[in-house]
Visitor: 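Okay, handing you the structure first.
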2 protein chains.
Amino acid sequence: MVKVPNRRQDSRQGSDTPKLEDVAARAGVSTATVSRCLNNPAVVSDATRKKVLDAVRAMGYAPNFGAQALAARRTNTFGAIVPTMENAIFARGLQAFQEALRQQGITLLVASSSYSPELEEQQIHSLVARGADALLLIGHDRPPKCYSFLQKRQVPYVIAWVYDGDEGRVSIGFDNRKAMKSLADAVLDRGHRRLALITADRRNNDRARQRSQGLVDAMTARGLDPETLAVVETAYSIANGAQALEQLMHTTPRPTAVMCGNDVLAAGALTQARKMGLDVPGDLSITGFDDIEIAEIVTPALTTVHVPHRNMGKGAASLLFAMRAGEDPGPSVELEATVILRDSLGPAPDRAP
Amino acid sequence: MVKVPNRRQDSRQGSDTPKLEDVAARAGVSTATVSRCLNNPAVVSDATRKKVLDAVRAMGYAPNFGAQALAARRTNTFGAIVPTMENAIFARGLQAFQEALRQQGITLLVASSSYSPELEEQQIHSLVARGADALLLIGHDRPPKCYSFLQKRQVPYVIAWVYDGDEGRVSIGFDNRKAMKSLADAVLDRGHRRLALITADRRNNDRARQRSQGLVDAMTARGLDPETLAVVETAYSIANGAQALEQLMHTTPRPTAVMCGNDVLAAGALTQARKMGLDVPGDLSITGFDDIEIAEIVTPALTTVHVPHRNMGKGAASLLFAMRAGEDPGPSVELEATVILRDSLGPAPDRAP
DNA sequence: AAGACAAATGTAAGCGCTTACAGTCGCTCA
DNA sequence: TGAGCGACTGTAAGCGCTTACATTTGTCTT
């Protein structure tokens, strides 16, 4: 009933950002044509396209993100939620993911959950609210409501860092259980019988759980009682790895080999072992998992499992592209993780008490 | 002239995302009131607010990001561009930055430039185009056009990781030159006279340049000729650090102390030294810079400079809040960086040839 | 040369919010 | 008692883009 013209910042103060309309005016075409030149150049004639692109360049035009997202109902943004960015575990994979996205003109939104399910759920909502067209998630473990939310919002996602043909979700990764079993086999082959495991909290972490299970598999296969395995659960950090090792060294009988859920814990364990005057691998063998850079530079270098970080990142991107385009991404992808033997693993010390 | 009703996806297929209007209808108020409840609750009566928030919760409403950004001309998103995420150097600072932002309901958009000025410029454009309300940048070195662009677009930014009262920009960080001089003093105090430096490319990196300069300062102050300083420039990576050390060990006279531009290079140098059968610090002292986690776990532990990562991140956030609110952020902030003495630095070996 | 069709471009209706401005509704106070 | 006021709430105009559909123009056919 009431007509109120609505002008906000009429007094431009130099902060002028050209808009589509301005470009159109300068190029002498309609806004639709400019938009098409930018988003679907093929349908515009060569002459017009040149004219328009010249104007775009001359004016330094860049589309307004909000407007574009609103009108197109698409943001060209993918999101990734990783447990942590503070150590290198996920960095390489993320880097590869991002590089693959860039090639398709897609921006990456990263969030970290600090291994907290609540925080992760919040981050999922946040990224979706910010218009992420697709999501990269680590591992399967999360409340069902997270999945139903993504389902309801029709946001495609892929689970990375694990391969599990059984879960009804598209995933790309490796078999954590199998990989850890291989590593444990290498340890057992060297005569170790009193083993210990330093792992992350396994409650909300299927990777940790599967790795732990792989170790149990290996022991069982050799007729060892998994009950004899000493386990310490702790958060991923060098300091915690150190502390866990100290704790384990006070148990009886002392383990001769300590397997760690990842290289960060292993690095801490290694440092602590040295601090306690233990010779690694003479007195004690230590293994890691992931094969991040520090695995190679600690003394002695860590025996570990090399994880295909970069391929997971790249592959995840491909899967998401397909899904966003409405195509069938195909089945989950299994990549190889290989045992890397380095100096921190040696033969079991003599059995003398 | 032509009236064309424009209905897109009329056939809703379960992917219904409630909109403001739906919430308003359910709560029996206007969309304006709902919007106010969410953005400026103080102006709404208690009863109405409760009614609305209940409806919001019941429907699982979340605002559409694009629409909100478009209408409010504000995205509640800050951007950060760091040279790299692949090593821990910037991770901690970024983490702190992000934590501070979260408390204000702001999302962080991270991009990495891989130490490439071109890429960084592109990232700046990209983040601004995506509506970043403010930016965190590392170091002063970048083409003037980057600054004029930000100026023109009225995007507030702060420079972190360096403190330089002279540059006419708000910055938060420490004096790289002074810090490196202190560390170099510690080295010289131990009798070292043949020094070497492994540094990142100094052309587009003021931190590297200043650190290098700090070393020269220390030498000059003791009457040493800076020309005798052997320098290797290389990209930040463990492998490159190793390679640089090897190269330096083939120069005559051999340095007795190798100072590295950061801990990553130092870790590589350390590994290489050991591989070459050198005793550190007996034959050779090595120092790092940054005090990231690996500094403590390598053998021997690295003497380095502790950088106030977290405080820089947190402080940068505060400065940007002020700037976005149109307040005066005050002058640049100088934080302390302190020398951390560990085992990799020892007295110079005997002068015997 | 007229009709058929394809290619290129223009027109204008929203996308889902925020917010300026305009009511509306008690109350207070002279 | 009624003007004045403050506290809320409603109305509706965009924000800058994309895109369905309409229109124009050009190219063939027959």
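Lettering follows sequence order; numbering is per chain, from 1.
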Visitor: Who are the side chain to side chain donor-acceptor pair (under 3.5 Å) partners of B:Ser112, not counting sequence neighbours?
Guide: none
Visitor: Nearest-Å distance, CG (B:Asn64) to P (C:dT18)?
Guide: 10 Å
Visitor: Write down the distance between CG (A:Leu70) and P (D:dG16), rounded to a whole number of angstrom.
Guide: 12 Å
Visitor: OP1 or OP2 of D:dC8 versus the side-chain N and O atoms of B:Ser45: is any pair under 4.0 Å?
Guide: no
Visitor: Are the charged groups of B:Asp54 and B:Lys51 less than 4.0 angstrom apart, N to O?
Guide: no
Visitor: Considering only residues two or more places apart or on different chains, which pairs with a residue in residues 315-331 of chain B satisfy side-chain hydrogen bond (donor to acceptor under 3.5 Å, both in side chains)?
Guide: B:Asn76-B:Arg324, B:Asp133-B:Arg324
Visitor: Determine: side-chain N/O of B:Gln68 to OP1/OP2 of C:dG16, distance under 4.0 Å, yes or no.
Guide: no
Visitor: Inspect the contact between B:Asp22 and B:Lys19 and indicate whether a charged nitrogen and a carboxylate oxygen are less than 4.0 angstrom apart.
Guide: no
Visitor: Is there a side-chain contact between B:Thr33 and the phosphate of D:dG10, meaning an N or O under 4.0 Å from OP1 or OP2?
Guide: yes
Visitor: Does C:dT19 have OP1 or OP2 under 4.0 Å away from a side-chain N or O of B:Ser35?
Guide: no
Visitor: Specify the separation, in whole Å, of atom CG of A:Leu38 and atom P of D:dT19.
Guide: 12 Å
Visitor: Phosphate oxygens OP1/OP2 of D:dT18: is one of them under 4.0 Å from a side-chain N or O of A:Asn39?
Guide: yes
Visitor: Rounded off to whole Å, could you give me the CG-to-C1' distance for the B:Leu20 and D:dG10 pair?
Guide: 13 Å
Visitor: Using a heavy-atom cut-off of 4.0 Å across all strands, would you classify B:Phe65 as base, sugar-phosphate, or nothing?
Guide: nothing
